[in-house]
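Working notes for the structure below.
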Amino acid sequence: MLQRIVKPVMVMVLLLISHCTFATEGMWLPQLLSGLNEKEMKGMGMKISAADIYSINKGSLKDAIVSFGGFCTAEVISDQGLLLTNHHCGYSSIQKHSSLQNNFLENGFWARSLNEELSNEGLFATFIIRIEDVTKAALKDVKPGMSESERQSAIDKRLNEIRETTKKESWQDILIKPFYEGNQYFLFVTETYKDVRLVGAPPSSIGKFGSDTDNWVWPRHTGDFSLFRIYAGKDGKPAPYSKDNVPLKPKYALTISMKGVKKNDFTMVFGFPGRTTEYLPSEAVKQTVEILDAAKVEMRDAALKVIDSYMRKDPQIKIQYAAKYAGTANYWKKWMGEMQGVKRTDGIGRKLRYEAEYTRLLNDNPALKQQYAGLLDSLNDYYRQIQPYAQTRDYYSELVKNVELFNAADLVISFLNQVNSSGAAQYTELREKFLAGMKSTFYQNYNSTVDHDISIELLNLYNKGVPETFRGGQYAEIWKQNNNDSRELAKVLFTSSLTSYDRLAKVLNQPYANAVEQLKNDPAISFAIALRNSFIDQVSRPLSALQAKVNQLQRTYMQAQMDVFAGKKRFYPDANSTLRITYGKVDGYSPRDAVDYDYYTYLDGVMEKYVPGDYEFDVPAKLIELYKKKDYGRYGVNGKMPVCFIASNHTTGGNSGSPALNAYGQLVGLNFDRTWEGTMSDINYDPSICRNIMVDIRYVLFIIDKYAGCTRLINEMKLM
């Protein structure tokens, strides 16, 4: 009898625990650590205090962390503003400085002096000065019964007032972001430096070793790092690029540990994670992995096959498309891992069990039941309604993203609208600026033959994957005119004047009226307009109406979860590209039956994967020589060279380049990836298989010093 009573209770406890925040789960706001996390972190082995991580009264770890270009993280590792980030974060900058004559992607780049460090237009590094909770002021005018637009208008008005009244220095900026689906707001005072120069990068055979085959995969052997430097005006403040600028003297620079890590060591990752959606209802998770991810994977798979075939045949195309291929492949593979990971860990089942426990607790509380009754069912129902629109949206976004001719058409249309708004008298001036931008940013890395073949594949998939009800209007007429055949349509589209810079310039160098008339009849522009109008009328508008309701319900459901599980669960906010800290422990994992992964890799593994001449697994001759001689200097351990390790830190996109820190806050590695089986951590973190991948800092130093001979950079750093 006792067993019959105890067993159901234990099941309920386990159900609750299964979704409660694990010690390794969460992306926490650093200013709140002392109240929410410090005790637990110290119990896991942390030797520093929360104030050592975040402080506005003294230099702390947060003063060494920057948002790198708004898409990655980097950290200051010397008192001369030296920045460490991933090779793939610096990839675009490295590519822009590369040519067939000076191929820094293939051969690497190392500045031997400050004078050789290369400027990067548009690249910036942003520090967080302080963070403040402004929720009360932001939501002051929000009233029950407001529509979403009324609510947002009231909030925006208050946010403008907050920006105007917040104390800051003239060179500082203010960023205010919503958290917990808009239930809270935090303000960030920031400093942005816009003179960021390339200092060093290993060849892709080190920095991108394993390339796309190993992407999102463990075991990993990639030296994924690059070096930049922040320059400031002579007064130490942010300044635009100038040859007179000087290296930044930072408030704090990370100390580097030479001791490495061992199993169960405490680790932290500090950075700017991009976006997670951990609090979605079950129907949304199901839709993501069974419908939306599948559509995006299908489109990108087709595009990548075309690009890969050309890159393997033509060195010029390989340079032009290297960064684009890497960017496209990155999330293509991530989405596949996400689908598999959710299935492997029964992520949808976990959500359903969590919702059952939420419902039980809600029904046990009369006040909360009255407030939130029916909320979860309504939210799940709206996700069912939104599914065909969301699926079409993803097909559309993948089509216009991966067929670059459509992107060019949108740019030309925007340019013509700008001229129309400014007046024809401004045409010549605006034209010269537009053409210069198109030449340097679009056509420099564009090949119409590659794009033509991509368009054939993706137009065909779009027409098959999108419901017929969403393919009407002029778009449907154009398809019919071309016999519903993507090959015939592509032949017409690529007679466009947009397929080369010279052809576009020839059109735009005509008088304004003539240019407009010719472009109105351009096949690529005509089709792009038809495609967009069809999407807006039949998908975007109804989707926006449904999404507004979903957003409202999701915000309410977020608050409901926090109320229902009050005292039983800590809630961390979803990632939104703001500064966060996550912590965990070094450990291997077992993703499937009879497979157990260790937590470290070594240079031996690089040589085991070595395939001479292969673009993914070739190894530089000098690295082979150093390996054969076991010439690792002070960076090796017991005759071996550590390369990468894994831990259970909860990371996502944007954490690329984030520092991996030990219990003392010292730099031990550089975060650059997640394991494929754990990529679903954006929607379904599971500590059993979610691991982040880091390059060991000793391998970074070894490459800089022993491989590149750039000891001047090592001398800047503080090694322990």
Side-chain angles (χ1 to χ4, degrees), residues 69-71 91-100 119-124 241 303 306-307 310 314 316-328 397-455 458 490 492-532:
F71 49 81
Y91 201 79
S92 179
S93 296
I94 302 165
Q95 180 197 41
K96 288 176 183 176
H97 290 297
S98 295
S99 65
L100 287 174
S119 63
N120 300 278
E121 184 178 356
L123 186 60
F124 60 86
Y241 170 80
V306 174
I307 298 172
Y310 280 99
D314 190 321
Q316 181 62 39
I317 292 177
K318 184 177 179 181
I319 290 176
Q320 286 180 311
Y321 279 79
K324 286 186 279 193
Y325 185 95
T328 302
S397 64
E398 289 299 313
L399 178 64
V400 297
K401 171 183 172 60
N402 290 292
V403 179
E404 295 178 275
L405 185 64
F406 300 153
N407 182 30
D410 284 341
L411 292 170
V412 171
I413 292 167
S414 296
F415 162 69
L416 294 177
N417 288 337
Q418 182 186 15
V419 175
N420 187 54
S421 176
S422 301
Q426 302 296 316
Y427 177 62
T428 301
E429 180 182 347
L430 293 172
R431 177 189 65 201
E432 296 309 309
K433 184 177 180 181
F434 174 71
L435 283 173
M438 289 293 286
K439 186 174 186 179
S440 63
T441 60
F442 184 84
Y443 289 108
Q444 180 181 356
N445 293 315
Y446 178 71
N447 184 290
S448 63
T449 303
V450 176
D451 202 32
H452 170 273
D453 289 2
I454 291 172
S455 75
L458 298 199
V492 175
L493 293 177
F494 281 80
T495 63
S496 168
S497 298
L498 278 58
T499 55
S500 77
Y501 171 79
D502 290 339
R503 294 185 66 192
L504 176 61
K506 184 177 180 180
V507 173
L508 291 181
N509 280 325
Q510 299 179 92
Y512 175 59
N514 293 356
V516 169
E517 187 63 27
Q518 187 168 338
L519 290 171
K520 278 172 58 180
N521 296 311
D522 185 277
I525 291 178
S526 297
F527 183 78
I529 291 173
L531 177 66
R532 183 169 60 186

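Remember, predicted model here, so these are calculated numbers, not experimental data. Along the sequence shown, residues carry numbers from 1.
- From Ile525, atom CD1 reaches atom CG of Leu493 across 11.5 Å, with rounding to the nearest 0.5 Å.
- In this structure, OG in Ser119 is found 6.0 Å from NE2 in His97, a value given to the nearest 0.5 Å.
- Contact annotation: the side chain of Tyr443 never approaches that of Asp502 to less than 4.5 Å [non-hydrogen atoms, C-beta and beyond].
- Between Ser422 and Leu430 the shortest side-chain heavy-atom distance falls below 4.5 Å.
- By the neighbour-count criterion of 12 heavy atoms within 6.0 Å, atom CD of Glu429 is sparsely surrounded, having that number or fewer from other residues, nucleotides or ligands.
- Ser414 contributes a side-chain N or O that, together with a main-chain N or O of Asp410, makes up a donor-acceptor pair within less than 3.5 Å.
- Formation of a donor-acceptor pair under 3.5 Å by the Tyr427 side chain with backbone atoms of Leu508 is found in this model.
- Distance CD1/Ile307 to CG/Asp453: 11.0 Å, rounded to 0.5 Å.
- You'll find the side chain of Gln320 reaches within 4.5 Å of the side chain of Asn447, heavy atoms only.
- The side-chain heavy atoms of Val400 and Asn407, taken from C-beta on, include no pair separated by under 4.5 Å.
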For this session: Check step by step if ring-ring contact (aromatic ring centres under 6.0 Å, His included) holds for Phe527 and Phe406.
Result: CA-CA 8 Å; Phe527 183 78; Phe406 300 153; 5.5 Å; yes

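- Side-chain contact between Val507 and Leu498: absent, with no pair of heavy atoms (C-beta onward) separated by less than 4.5 Å.
- Taking the side chain as every heavy atom from C-beta outward, Thr449 and Phe494 never approach each other to under 4.5 Å.
- Considering all non-hydrogen atoms of both residues, Phe442 and Ala408 come closest at CZ-CB, 3.6 Å.
- Between Ile454 atom CD1 and Asn402 atom CG the span is 7.0 Å, to the nearest 0.5 Å.
- The shortest side-chain heavy-atom distance between Asn120 and Tyr241 does not fall under the 4.5 Å cut-off.
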Exercise. What do the steps show when you test Ser93 against Leu123 for side chain to side chain contact (heavy atoms under 4.5 Å, CB included), and what is the final call?
Worked result: CA-CA 8 Å; Ser93 296; Leu123 186 60; 3.9 Å; yes

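- The distance from the CG atom of Leu416 to the CG atom of Leu519 is 5.5 Å, given to the nearest 0.5 Å.
- Closest approach of Asp522 to Ser497, counting heavy atoms only: OD2-N, 2.9 Å.
- Considering all non-hydrogen atoms of both residues, Asp451 and Tyr446 come closest at OD2-OH, 2.9 Å.
- Side-chain contact between Asn509 and Arg431 is present, with at least one heavy-atom pair separated by less than 4.5 Å.
- The minimum heavy-atom distance linking Leu411 with Phe434 is given by the pair O-CE1, 3.6 Å.
- Annotation: the span from Lys439 atom NZ to Leu435 atom CG amounts to 9.5 Å, rounded to 0.5 Å.
- Side chain of Gln95 to backbone of Ile319: a donor-acceptor contact under 3.5 angstrom is found.
- Salt bridge status for Glu121 with Lys96: absent, with no side-chain N to carboxylate O gap under 4.0 Å.
- Remark: aromatic rings of Tyr325 and Tyr321 are distant, center separation not under 6.0 Å.
- Nearest heavy atoms, Ser496 versus Arg503: O-NH1, 2.9 Å.
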